[in-house]
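In what follows, every chain begins at residue 1, and chains take the letters A, B, ... in the order their sequences are listed.
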Amino acid sequence: MAKKVFVGMSGGVDSSVTAALLRDQGYDITGVYMKNWSKDLPGMICPWKEDYQDAKRVAVQLGIPFKMYDFQTEYRQRVVDYMLGGYKAGITPNPDIMCNQEIKFKLFLDTALSDGADMIATGHYARSVDGELHTAANVEKDQTYFLYRVTEDALQHSLMPIGEFETKAEVRSLAKKFSLATAEKKDSQGICFVGKVGIKDFLLHELGQQPFGVIINQDGVIIGQHDGAIFYTIGQRHGLDVGGGLPYYVIGKDMAKNEVYVTTDLQDKNLWSKNLQLSNIHWINGIPEPTKTYQVRTRYRAPLIPCKVSPCKTKKDGEVSILLSEEVRAITPGQSAVIYDDNRVLGGGVVI
RNA sequence: UGGGGCGUGGCCAAGUGGUAAGGCAUCGGAUUUUGGUUCCGACAUUCGGGGGCUCGAAUCCCUCCGCCCCAG
């Protein structure tokens, strides 16, 4: 009896190829479109219907059953509200990490299992190996950064065949070989529901106008005005609307005073750090050893930096400090630091 | 009121007779399943206003306007 696998099909190439490959490997495949968001925004029509139809079209081509799960309510509560809350609090949240933790590898998994599936599969560039999370063969596209909060149990029930390919071109050519309708579809990017509207416009739409405040440079001089401190994040350069001389980078902000601090000095102490405090720890398989040297990634696609992890007792929800071997620019509260042991993802936490 | 300095695109800022560098900002695009970063492209027929010398001036001369500094 072939294993029943429910493939999360977004309507993109990667998940289409995932379904095709697994079908050919002999699994009993069902395609599932997760409807997480469908609301239009000013200046953008939500493409969920096209995506749904693309996914369905591929399912038909592959001759597999297809269904839709409506997760809009949960997505709104667990991802969008988390994101809005983070911005309101002055940090820079990472909704895609939350989406994987709460929706794809929890709600989708649980729903699929209770729906008769033995496993789920996704089009992620990552590898699920015996309950461990490993980086993708394609180093450029590796998405493990977004997946460090997935549990060992979820990984035991997940397949990510796209993680085996070294190039996107291989995936595309497979899509062509299978004659999939999505073979030429452009890669998606940006937060799915925000799309080309942009995060600032989305926040304006959801949270409304924010109080104006001042922008202060490294000498304590007011050099401009901002239209809401929540819109700015550490390390940010563009969108400040202050010019003259060198570019300005955001080095901090005070939500209570509603002030944004910037500098033109790229060597500014406040912009660099080699010591991070993490909260909401999540270790996938086990707790890291304090004596060992691991590698850490502080943002998507950033290079791995050797580091040490402070002693830690709990597998989740604790705090830990990370000592990097070199200074890293623009460490940002709300973003995640993910710890690697070569190709294996240990887990990580949220920067305080 | 004397003496000196300055006024170049939204902001910094080169350029002192040969036909407006560069940077920031802004806008557009590329890269990117968060935010951000990075990359590429666009962006002053014109140099505070007016007049003059010159084949030719932002650059020289005159004058007006504005700002700054030092004297009083």
Side-chain angles (χ1 to χ4, degrees), chain A residues 8 10-15 18 34 36-37 47 51 79-80 82-84 86-104 122-126 136 138-149 160 162-163 168 171 185-203 215 217 221 223-226 229-253 260 262-266 271-272 297-303 328-338 348 350-351:
Chain A
S10 65
V13 214
D14 298 328
S15 57
T18 298
M34 285 175 247
N36 296 328
W37 183 270
D51 291 337
V79 179
V80 181
Y82 147 80
M83 183 180 97
L84 296 175
Y87 275 107
K88 274 194 279 194
I91 65 170
T92 307
N94 193 321
D96 284 2
I97 287 175
M98 197 53 78
C99 176
N100 285 322
Q101 174 189 311
E102 291 295 324
I103 305 298
K104 290 175 184 159
T122 65
H124 283 107
Y125 283 80
N138 185 339
V139 180
E140 292 301 309
K141 300 286 284 184
D142 179 71
Q143 292 170 328
T144 49
Y145 179 78
F146 295 106
L147 295 166
Y148 82 97
R149 300 192 76 82
M160 303 174 185
I162 296 297
K168 179 91 191 190
V171 178
K185 191 166 171 181
K186 192 182 183 309
D187 290 6
S188 65
Q189 51 189 240
I191 307 174
C192 45
F193 56 87
V194 173
K196 59 171 66 163
V197 170
I199 188 69
K200 187 168 179 177
D201 287 335
F202 179 74
L203 292 175
I215 299 175
N217 74 5
V221 179
I223 59 163
Q225 192 182 53
H226 70 250
I230 66 164
F231 300 123
Y232 301 92
T233 189
I234 313 301
Q236 178 173 342
R237 167 180 175 174
H238 296 286
L240 292 162
D241 202 18
V242 287
L246 296 167
Y248 287 97
Y249 291 87
V250 175
I251 52 174
K253 50 187 185 177
V260 171
V262 299
T263 184
T264 53
D265 179 11
L266 268 177
L271 207 48
W272 298 85
R297 176 170 278 152
T298 53
R299 51 169 47 69
Y300 178 53
R301 286 168 61 83
V328 171
R329 195 172 143 221
I331 295 298
T332 310
Q335 292 289 293
S336 285
V338 180
V350 179
V351 175

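Closest to the side chain of A:Asp96, out of B:G35, B:U33, B:C24, is B:U33. Here B:U31 is the nucleotide among B:U31, B:U33, B:U26 with the atom lying nearest to any side-chain atom of A:Lys186. Distance from the side chain of A:Thr92 is smallest to B:G35 among B:G35, B:U33, B:U31. Residue A:Thr233 places its side chain closer to B:G36 than to any other of B:U33, B:C24, B:G36. Proximity note for A:His238 (side chain, C-beta onward) versus B:G35, B:A25, B:U33: the nearest is B:A25. Closest to the side chain of A:Arg299, from the set B:G35, B:U33, B:U26, is B:G35. Across B:U26, B:G35, B:U33, the shortest atom-to-atom separation from the side chain of A:Asp241 is found for B:U26.
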Discussion item. Would A:Ile199 and A:Tyr87 count as a side-chain contact (heavy atoms from CB on, under 4.5 Å) here? Give the steps.
Written reply: CA-CA 10 Å; A:Ile199 188 69; A:Tyr87 275 107; 3.8 Å; yes

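OP1 and OP2 of B:U31 both lie 4.0 Å or more from every side-chain N or O belonging to A:Arg301. The side chain of A:Tyr249 places an N or O atom within less than 4.0 Å of a non-bridging phosphate oxygen (OP1 or OP2) of B:U38. Applying the 4.0 Å criterion to OP1 and OP2 of B:C24, one finds that A:Arg237 has a side-chain N or O inside that range.
With sequence neighbours excluded, no residue forms a salt bridge (Lys or Arg N to Asp or Glu O under 4.0 Å) with A:Arg149. The side-chain hydrogen bond (donor to acceptor under 3.5 Å, both in side chains) check on A:Asn100 picks up A:His124, with sequence neighbours excluded. The side-chain hydrogen bond (donor to acceptor under 3.5 Å, both in side chains) search around A:Lys168 returns A:Asp14, A:Asp187, not counting sequence neighbours.
A:Arg301 places a side-chain N or O within 3.5 Å of a backbone atom of A:Glu140 that can act as its donor or acceptor partner. Checking side-chain atoms of A:Ser15 against main-chain N and O of A:Ser10 turns up a donor-acceptor pair under 3.5 Å. Between the side chain of A:Gln143 and the main chain of A:Tyr125, a donor-acceptor pair closer than 3.5 Å is present. Counting only distance, with no hydrogens or angles, the side chain of A:Asp142 and the backbone of A:Ala136 share a donor-acceptor pair below 3.5 Å.
Side-chain contact between A:Ile162 and A:Val171: present, with at least one pair of heavy atoms (C-beta onward) separated by less than 4.5 Å. Looking at heavy atoms from C-beta onward, A:Met34 lies in side-chain contact with A:Lys104 at the 4.5 angstrom threshold.
Residue contacts for A:Gln236: at a heavy-atom cut-off of 4.0 Å it reaches the sugar-phosphate backbone alone, with no base atom in range. Residue-level contact check: A:Tyr87 touches the backbone only, with heavy atoms under 4.0 Å from sugar-phosphate atoms and none from bases. Residue contacts for A:Ile97: at a heavy-atom cut-off of 4.0 Å it reaches no nucleic acid atom on any strand shown. Across all strands shown, A:Gly224 has no heavy atoms under 4.0 Å from either base or sugar-phosphate atoms.
In this structure, CZ of A:Phe146 is placed 10 Å from C1' of B:G35, rounded to the nearest angstrom. For the pair A:Ile215 CD1 and B:A25 P, the computed distance is 12 Å after rounding to whole Å. Atom CG of A:Leu203 and atom P of B:U34 are 15 Å apart (whole Å). Between the P atom of B:G36 and the CD1 atom of A:Ile230 lies a distance of 13 Å, rounded to the nearest Å. Between the CD1 atom of A:Ile162 and the P atom of B:U33 there is a distance of 13 Å, rounded to whole Å. Going from atom CD1 of A:Ile199 over to atom P of B:G36 covers 7 Å, rounded to whole Å. Between the CD atom of A:Glu140 and the P atom of B:U38 there is a distance of 18 Å, given to the nearest Å. Between the C1' atom of B:U31 and the NZ atom of A:Lys168 lies a distance of 13 Å, rounded to the nearest Å.
B:U31 and B:G22 have their C1' atoms separated by 26 Å, with the value rounded to a whole Å. Spacing between B:A20 and B:U59 at atom P, rounded to whole Å, works out to 14 Å. Taking atom C1' on both B:U54 and B:A44, the two are 25 Å apart, rounded to the nearest angstrom. Taking atom P in both B:G23 and B:G5, one finds a spacing of 32 Å when rounded to whole Å. Taking atom P on both nucleotides, B:G48 is separated from B:G10 by 13 Å, rounded to a whole Å. If you take atom C1' in B:G9 and the same atom in B:A14, they sit 14 Å apart, rounded to whole Å. Rounded to a whole angstrom, the distance from the C1' atom of B:C60 to that of B:C24 is 33 Å. Remark: the separation of the C1' atoms in B:U26 and B:U16 is 32 Å, to the nearest Å.
Comparing A:Gly235 and A:Tyr125 by the nucleotide of RNA chain B whose heavy atom lies nearest to each, the residue mapping closer to the 5' end is A:Tyr125.
Pairing analysis of RNA chain B (Watson-Crick: purine N1 to pyrimidine N3 plus N6-O4 or O6-N4; G-U wobble: N1-O2 and O6-N3; both under 3.5 Å) yields stems of 3 or more pairs at B:1-7 with B:65-71, B:10-12 with B:22-24, B:26-30 with B:38-42, B:48-52 with B:60-64.
With hydrogens and angles left out, the side chain of A:Thr332 and the base of B:G35 share a donor-acceptor pair within 3.5 Å. Judged by distance alone with a 3.5 Å cut-off, a donor-acceptor contact links the side chain of A:Gln335 to the base of B:U34.
By the neighbour-count criterion of 12 heavy atoms within 6.0 Å, atom NZ of A:Lys88 is sparsely surrounded, having that number or fewer from other residues, nucleotides or ligands.
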Would you list the protein and nucleotides 8-11 of chain B atom pairs, both N or O, that sit under 3.5 Å from each other?
from  : atom 1 : to       : atom 2 : distance (Å)
B:C11 : O2'    : A:Gly243 : O      : 3.4
B:C11 : O2     : A:Gly244 : N      : 3.2

Per-pair distances, 0.1 Å, donor-acceptor, side chain in residues 234-251 of chain A, under 3.5 Å, sequence neighbours excluded:
from     : atom 1 : to       : atom 2 : distance (Å)
A:Gln236 : OE1    : A:Thr233 : N      : 3.0
A:Gln236 : NE2    : A:His238 : O      : 2.9

